[in-house]
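The structure appears below as structure tokens.
Naming: A, B, ... by sequence-line order, numbering from 1 per chain. Below, each value reflects all heavy atoms present in this structure, side chains not excepted, and no hydrogens, waters or symmetry copies.
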Amino acid sequence: MQLEKVYEPQRFEPHWAQWWIDSRLYQVDVKTADRTHVFSIVIPPPNVTGSLHIGHMLDHTIMDVAVRWHRMRGETTLWVPGTDHAGIATQMVVERQLAAEGLTRQGLGREEFERRVWQWKEEYGGRINEQIRREGASVDWSRERFTMDAGLSRAVRETFVRLWEKGLIYRGEYMVNWCPRCQTAISDVETTHKAIEGHLWQIRYRIQDSDESVSVATTRPETMLGDTALAVHPDDARYKHLIGKNAILPLLGREIPVIADAIVDPRFGTGVVKVTPAHDPNDFEMGQRHGLPFVKVIGEDARMTAAAGPYADLDRFEARKRVVTALEQSGELVKTEPYTVNVSQCDRCKTVIEPLVSTQWFVRTKPLAEKAMEAVRIGRIRFVPNDREVVFFQWMENIRDWCISRQLWWGHRIPAWHCRNCGRITVVRETPATCPHCHSTELEQDPDVLDTWFSSGLWPFSTLGWPEETEDLKTFYPTSLLITGFDILFFWVARMIMLGLECTGEVPFREVHMHGLVRDAERQKMSKTKGNVIDPLVVMDRYGTDALRIALLISAAAGADIALKENRIESARGFANKLWNASRLLFMNMERSAIATWAPGKARTSKSTEDLWIRERQNACSEAVNEALRTHRYHEATQALWDFVWHDFCDWYLEIKKLRFRENSGQDEQWTEALNVYESMLRLLHPFMPFLTEELWQRLMSVSEDKHLASISLADYPQPEEHVAQPHGFSKVQQVVTAARELRADHKLDPKQVFPATLKAKIAPDDLAAIASLAKLKFEQVGEGGFSRATADFELRIHAVAKNGASTPEARTRILKEIARLEELIASSERQLSDPVFLSRAPEKVVNGLRAKLAGYQAQLQKNKDLLGGE
RNA sequence: GGCCCCUUAGCUCAGUUGGUUAGAGCGCUUCGUUUACACCGAAGAGGCCGCAAGUUCGAGUCUUGCAGGGGCCACCA
């Protein structure tokens, strides 16, 4: 059995990725599955237009670790993959494609356009899934879903109708966020706010039939064309006398009333506001309260309407300039000052949002939010990290109704029909033939589609067959865990909780793990325009998928952003390389020692020092890893494995085993033990580095006597054992070797210098010398008792003889420094141990611990003094 | 304006319920190529754990204030 000299993951990663799928290893048969121990998780569906980015990679890697861990623990484990139809994004991609052909969607017509989008989806929509396969994500491809599938579309209609019937969906004319570029209404969470350096203009409005005038501050002067009132605070003494009078709208000369409304802050600006009910959310409400006319001067295309008189057809920002100029010329512009304006932008295209009044469909969110908050409050859903709950509650408590209609063509059509005859609306599951109210056949389906997040909000149960009571739904719902980025807490997580509770009466998942953002090496957000995007596909090609997984995982503290550096990935590949080479060593020596077969898991009979020790270390590692995974501390689990593999297994265990192999003294029981440890280590590592561990495990299994498992991913995950600790004296071996190495490094290897230690370990002095890279270690018996070369207890003095070099002042300096440090520690420990308050208050365990430490310091001090004493 | 998070080695970051020598990776210094690995090994240097006060026998860890950085939310024209 030989391993190639160089670790080249490209050679085997694609193979295993494909093999895992072909072998249907992760496909769950719900009929035969154990339903008492179930772990289920759904993938956050990536946009069907998307291609894999580093954020997906992190998300999927963490999920895959969790999934593989649970599966190896013997739970019935399901990971559902799928994609999201991504309304606006996909529509825009296809429209761009059409434009290249000189076509428009309007030209094609709705039906043909939808056909083209489906065609696009069939052609390109699989790309992201191919990339996910490459990651090694152990999803069940037989259960792949798409939000526009028939089944999921049915779930969408069912939900819509139910909410409508309960009065939780309504239709009405309100002010919404309108994106002039996307040509649709969007919800509040789809907007972002940005501070922009703008101006605050003051405009003079003349009061009718008087010499008086008032100044009004605004950041959007073009909206004055749609003003239908001025407003002051009812108690503002400066303006009380004007209430009820009329002002003259500059430029247009319209008469508008001066009204009183408590929303006006008398301390801001001049204390007078212009009221534009059709173009400002506050003014909209004032307009309703006071029955003001709504004059729409800006249209859906962000151009001025006919109502804007001479400014009609101008772009809104051009109109702003012209209005300002005109006001300046007419002398009605009182003041211009620089001002920071908070504008809202479309989250997708960054176009400045135009608040517009239009008829839309809304979800009444308050009642849903109440239930959602309750579920989190009583712990039916737990957030990791926990402090995200605060943000969740804060948002939920102030939640506003959710505008769910979109003026797009790609998406779930709203299941509502308008009767041309009686004008009434029918909301039903199946397309109606006649109007149930007037029996007319003149029905027309509402043209709008639903917000993409409406269907993704159903994802955890719609993918499992809801509203049917399927076996999948019964077995896997509620799902166990959701892993996703913090950035979609409101978009997706909150909506799933609300809709899940409403539709199924159950929480959609019991835990939510939210990871941070992957940033570039300088902590900048990655973006195409900045050109700092790390493409996971490129990294996987260059370093291997396992290396990228490890690099991400080792930094993945819950909630924390990750600054991904190239050298992190390099060192992660170094780790994989280390494991590869450790395996090479083992495999080569198996051949050399003519070890042809191996019986896995055989009773652990070897009592050699290093075997007892590594067993203990591995047990501790297993304990740490299992516990860390249980509590979603993936970075700690990874770190624990790294330390164990590199610094215990490779640096010490194999260094000693190597000597035994070389002497060809490795008996069968030692080989059994070494391979047991090695194989368990591969299993411990498997969720983290699935490819490399599968590759190595398969090679190892070729000589195994037990071949009943097809893949390491189906093997048991090592669990900590209860009583594995046996005295082995290995720490003494380490001490002796380390001390000898120190001496060697310092060239301070005068034979007069001695290092006293009690060594109780089955290891030969010559082997210690070899590990310490010394020509020779001389041991000298000090007390009574026998001394056998290989195994006895003995008091010894080491005379370390270097291969080269002589004693140096550096060593002396180092020892003196060490002595000073120890003396300080001893002094402070003694001080504390003589403090009666400490002795009476601190727990016994702590006091005894300190006493033991003090003794340790004193021994070390003596050792160092002895080292100097020889001079 | 409200809320949340962060500040630990030169850099990037870990550090669960407070427990007594604060860790990793990269970088740096010195040494080393013994047939697993130079994508390596060994030995080192490097830290008033942002500042100040408090609680405690004991604080990187808890409380308060301050300073700096980041984020989320918010209709103030």
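Remark: B:C62 base-pairs with B:G54. Criterion, Watson-Crick or G-U wobble with two distances under 3.5 Å. Searching all strands for a Watson-Crick or G-U wobble partner of B:G1 with both distances below 3.5 Å returns B:C73. Judged by Watson-Crick or G-U wobble contacts below 3.5 Å, the nucleotide B:U21 has no partner. Nucleotide B:C31 forms a pair with B:G41, judged by Watson-Crick or G-U wobble geometry with both contacts under 3.5 Å.
As judged by a 4.0 angstrom heavy-atom cut-off over every strand, A:Lys853 is placed among residues touching the sugar-phosphate backbone only. A:Arg519 comes within contact range of no nucleotide atom at all, as no heavy-atom separation falls under 4.0 Å. A:Asp387 comes within contact range of the sugar-phosphate backbone alone, with a heavy-atom separation under 4.0 Å but no base atom that close. Within 4.0 Å (heavy atoms only), A:His632 reaches no atom of the nucleic acid at all. Within the nucleic acid shown, A:Phe575 has no heavy atom closer than 4.0 Å to any nucleic acid atom. Residue A:Gln832 is in base contact, counting any heavy-atom pair closer than 4.0 Å across all strands shown. Counting any heavy atom pair closer than 4.0 Å across all strands shown, A:Ser555 reaches no nucleic acid atom. The residue A:Tyr339 sits close only to the backbone: its heavy atoms come under 4.0 Å of sugar-phosphate atoms, none of a base. Residue contacts for A:Pro836: at a heavy-atom cut-off of 4.0 Å it reaches no nucleic acid atom on any strand shown. A:Val275 comes within 4.0 angstrom of no nucleic acid atom, judged by non-hydrogen atoms across all strands. Among the protein residues, A:Gln639 comes within range of the sugar-phosphate backbone only, with heavy atoms under 4.0 Å from sugar or phosphate atoms but none that close to a base.
Geometrically, A:Arg549 does not engage A:Phe688 in a cation-pi contact, judged by NZ or CZ lying under 6.0 Å from the ring centre and within 45° of the ring axis.
Comparing B:C48 with B:A9, their C1' atoms sit 14 Å apart, to the nearest whole Å. Comparing the same atom, C1', in B:G70 and in B:U29 gives a spacing of 36 Å after rounding to whole Å.
The backbone N or O of A:Pro277 lies less than 3.5 Å from no partner atom in the side chain of A:Glu285, so there is not a single donor-acceptor pair. A side-chain donor-acceptor contact under 3.5 Å links A:Asp401 to the backbone of A:Thr365.
Closest approach to the A:His635 side chain among B:A77, B:A14, B:C75 is made by B:A14 (side chain taken as heavy atoms from C-beta onward). Distances from the side chain of A:Leu850 to the nucleotides B:C5, B:U20, B:U12 place B:U20 closest. The side chain of A:Arg568 lies closest to B:U12 when the candidates are B:G15, B:C39, B:U12. Proximity note for A:Ala217 (side chain, C-beta onward) versus B:C26, B:A77, B:A14: the nearest is B:A77. Closest to the A:Asn282 side chain, of the nucleotides B:C75, B:C3, B:C39, is B:C75. When distances are taken from the side chain of A:Trp646 to each of B:C40, B:A36, B:A77, the shortest belongs to B:C40. Comparing B:C75, B:A77, B:A36 by their nearest atom to the side chain of A:Asp265 picks out B:A77.
Atom pair A:Asp347:CG and B:C72:P shows a separation of 10 Å (rounding to whole Å applied). Between the OH atom of A:Tyr678 and the C1' atom of B:A36 there is a distance of 11 Å, rounded to whole Å.
A donor-acceptor contact under 3.5 angstrom links the side-chain atoms of A:Glu655 to the base of B:A36.
Taking side-chain N and O atoms only, A:Lys657 has no distance below 4.0 Å to OP1 or OP2 of B:A36.
Other residues, nucleotides and ligands contribute over 12 non-hydrogen atoms within 6.0 Å of the CD atom of A:Glu830.
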